[in-house]
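Count residues from 1 along the sequence.
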Amino acid sequence: GKDIKVKIMSAPIKFNREDVIEKAKNLYWEKGYHATSMRNLQDVVNMHPGSIYAAFGSKDKLFTESLNRYAADGAKRLADCIEQKDTVLDGLKHFIHTVIVCNSATAPSGMCMIVKTVAELTQNDSPDLLAHATNILEGIEASFAVLFGQAIDSGEISAEKDPVELARYFQIQIIGLRTYAQVTNDNDAVEKYIDDIFKNIV
């Protein structure tokens, strides 16, 4: 019996990489980078630390893969929002609602976690992680610029506007309003500010 037990113990642990990233992503969303310990990760993904290190290289690399999953989710959410509406601006308004009214009780919308990460990390924590999250935000901003360019071409927005400037303004408003929405229960005020964003864009 002893030999059999040894063989079972040494057998490679089979795991679904995508499933592990998904579970880690949701844990990081709930707790944040700092508050997520290796013990938390072990419990949620049901893997030993050695297996996590073997599969992902480090806790930070698993976090990076989780951020990439958020970015992919966010890009899909943005595309879906645009597709569901008749105009680019209506699609963007739909998207901003999904980003701003997100909290730890709801499923993360993709961009929420990236903003949360940039706010939480400092250069002292991990310059690489901070740079990675910042690069993702820059990619999202570039996507907004493309969409604003389309809205200008279709006459939704004045041709005098600069899509890159609009994208930067939109991103800044999302980050600020998302933070404000976390500290207030005044949904009417949040709705008013969302409307104001779009009045300034047109």
Side-chain angles (χ1 to χ4, degrees), residues 15-47 52-53 55-84 91-123 125-147 167-168 170-183 190 194 197:
F15 76 103
N16 181 326
R17 189 180 185 86
E18 296 303 305
D19 186 50
V20 169
I21 294 168
E22 188 68 23
K23 285 176 177 170
K25 178 194 83 161
N26 291 334
L27 177 67
Y28 279 125
W29 160 244
E30 186 187 333
K31 296 177 77 71
Y33 172 75
H34 285 304
T36 301
S37 66
M38 187 49 97
R39 164 61 66 185
N40 297 144
L41 280 169
Q42 280 175 246
D43 292 344
V44 165
V45 304
N46 198 22
M47 290 170 71
I52 294 173
Y53 287 124
F56 296 97
S58 69
K59 180 185 155 189
D60 279 6
K61 283 185 178 164
L62 177 53
F63 185 69
T64 299
E65 294 220 30
S66 298
L67 283 181
N68 291 343
R69 177 65 60 84
Y70 278 108
D73 289 351
K76 185 178 184 311
R77 178 75 62 100
L78 178 58
D80 288 347
C81 288
I82 299 296
E83 201 175 304
Q84 286 166 23
L92 285 170
K93 191 175 258 195
H94 184 37
F95 175 76
I96 206 173
H97 276 99
T98 71
V99 173
I100 286 169
V101 277
C102 64
N103 55 55
S104 57
T106 63
S109 69
M111 192 173 167
C112 295
M113 181 61 190
I114 313 299
V115 173
K116 188 176 174 181
T117 299
V118 170
E120 184 186 4
L121 293 180
T122 67
Q123 288 290 347
D125 292 319
S126 171
D128 290 346
L129 277 184
L130 183 58
H132 189 69
T134 305
N135 284 341
I136 290 172
L137 268 188
E138 286 171 359
I140 295 169
E141 192 173 301
S143 299
F144 291 151
V146 170
L147 289 167
R168 188 170 300 150
F170 194 61
Q171 180 100 300
I172 290 167
Q173 297 308 311
I174 286 177
I175 293 170
L177 197 46
R178 192 191 163 276
T179 304
Y180 179 71
Q182 283 185 303
V183 297
V190 171
I194 289 174
I197 291 169

A.B. asks: If you measure from the Lys or Arg side-chain nitrogens to the Asp or Glu carboxylate oxygens, is any gap between Lys76 and Asp80 under 4.0 Å?
C.D. replies: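 Salt bridge between Lys76 and Asp80, a charged N being under 4.0 Å from a carboxylate O: yes.
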
A.B. asks: Between atom NZ of Lys25 and atom CD of Glu18, what is the distance when rounded to the nearest 0.5 Å?
C.D. replies: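 If I round to the nearest 0.5 Å, the distance is 11.0 Å.
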
A.B. asks: Walk me through whether Arg69 and Asp73 qualify under salt bridge (Lys or Arg N to Asp or Glu O under 4.0 Å).
C.D. replies: CA-CA 6 Å; Arg69 177 65 60 84; Asp73 289 351; 5.3 Å; no

A.B. asks: Heavy-atom distance under 4.5 Å between the side chains of Ile174 and Ile96, does that happen here?
C.D. replies: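 Heavy-atom side-chain distance check passes, below 4.5 Å.
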
A.B. asks: Return the minimal non-hydrogen interatomic distance between Arg77 and Thr98, and the atom names on each side.
C.D. replies: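 Taking Arg77 first and Thr98 second, the nearest heavy atoms are NH1-CB, 3.4 Å.
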
A.B. asks: Looking at CG of Leu130 and CG of Asn135, how far apart are the two atoms once the value is rounded to the nearest 0.5 Å?
C.D. replies: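 Going from CG on Leu130 over to CG on Asn135, the span is 9.5 Å.
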
A.B. asks: Once side chain to side chain donor-acceptor pair (under 3.5 Å) is applied, do any residues pair with Ser37, and if so which ones, sequence neighbours excluded?
C.D. replies: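 Per chain and number, Ser37 pairs via side chain to side chain donor-acceptor pair (under 3.5 Å) with Asn40.
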
A.B. asks: Leu67 and Ala133: which non-hydrogen atoms are nearest, and at how many Å?
C.D. replies: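 Shortest heavy-atom contact: CD1-CB, 4.1 Å.
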
A.B. asks: State, yes or no, whether a side-chain contact exists between Asp128 and Asp60 at a heavy-atom distance under 4.5 Å.
C.D. replies: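 With C-beta onward as the side chain, the pair stays apart.
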
A.B. asks: Report the C-alpha separation of Val45 and Ile52 in whole Å, then their side-chain angles, then the decisive distance to 0.1 Å, and conclude whether the side chain to side chain contact (heavy atoms under 4.5 Å, CB included) test is met.
C.D. replies: CA-CA 9 Å; Val45 304; Ile52 294 173; 4.0 Å; yes

A.B. asks: Return the set of residues passing ring-ring contact (aromatic ring centres under 6.0 Å, His included) with Phe63 (not counting sequence neighbours), or none when no residue passes.
C.D. replies: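 So Phe63 forms a ring-ring contact (aromatic ring centres under 6.0 Å, His included) with Tyr28, Tyr33.
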
A.B. asks: In Å, rounded to the nearest 0.5 Å, how long is the span from CG of Leu62 to CG of Leu27?
C.D. replies: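 Here the rounded value is 9.5 Å.
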
A.B. asks: Mind checking whether Leu137 and Ile175 have side chains closer than 4.5 Å, heavy atoms only?
C.D. replies: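 Answer yes - side chains close enough.
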
A.B. asks: Does Asn68 have any side chain to side chain donor-acceptor pair (under 3.5 Å) partners at least two apart in sequence or in another chain, and if so, which?
C.D. replies: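 In terms of side chain to side chain donor-acceptor pair (under 3.5 Å), with neighbours along the sequence ignored, Asn68 is linked to His132.
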
A.B. asks: Using the test side chain to side chain donor-acceptor pair (under 3.5 Å), find all partners of Glu65 that sit at least two apart in sequence or belong to another chain.
C.D. replies: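 Scan of Glu65 (side chain to side chain donor-acceptor pair (under 3.5 Å), adjacent residues dropped) gives Arg17.
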
A.B. asks: Would you call Arg39-Asp43 a salt bridge at under 4.0 Å N-O?
C.D. replies: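 Result for this pair is yes, salt bridge flagged.
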
A.B. asks: Taking all heavy atoms of His34 and all of Glu120, pick out the closest pair and write down the distance.
C.D. replies: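 Shortest heavy-atom separation between His34 and Glu120 comes out as N-OE2, 2.8 Å.
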
A.B. asks: Which residues pass the side chain to side chain contact (heavy atoms under 4.5 Å, CB included) test with Tyr180, not counting sequence neighbours?
C.D. replies: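 Tyr180 satisfies side chain to side chain contact (heavy atoms under 4.5 Å, CB included) with Leu177, Val183, Thr184, Ala189, Val190, Tyr193 only.
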
A.B. asks: Over all heavy atoms of both residues, which pair between Phe144 and Ala167 is shortest? Give the atoms and the distance, please.
C.D. replies: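 The pair with the smallest heavy-atom distance is CB-CB, 3.8 Å.
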
A.B. asks: Any side-chain heavy atom of Leu78 within less than 4.5 Å of one from Ser143?
C.D. replies: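 SC-SC contact between Leu78 and Ser143 confirmed.
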
A.B. asks: What are the two closest heavy atoms between Leu41 and Ala24, and how far apart are they?
C.D. replies: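 Closest pair (atom of Leu41, atom of Ala24, distance): CD2-CB, 4.0 Å.
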
A.B. asks: List the steps, then state whether side chain to side chain contact (heavy atoms under 4.5 Å, CB included) holds for Met47 with Tyr53.
C.D. replies: CA-CA 10 Å; Met47 290 170 71; Tyr53 287 124; over 6 Å; no

A.B. asks: Distance check, rounded to the nearest 0.5 Å: Arg168 atom CZ versus Glu138 atom CD?
C.D. replies: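 Those atoms lie 10.0 Å apart.
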
A.B. asks: Once you round to the nearest 0.5 Å, how far does CD1 of Ile194 lie from CG of Leu92?
C.D. replies: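 Separation between the atoms: 12.0 Å.
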
A.B. asks: Does the Lys59 side chain pair with the main chain of Thr36, one donor and one acceptor, at a distance under 3.5 Å?
C.D. replies: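 Yes, Lys59 side chain to Thr36 backbone: donor-acceptor pair under 3.5 Å.
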
A.B. asks: Considering residues at least two apart in sequence or located in another chain, which fulfil the side chain to side chain donor-acceptor pair (under 3.5 Å) criterion with Gln84?
C.D. replies: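 With neighbours one apart ignored, the set is His94.
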
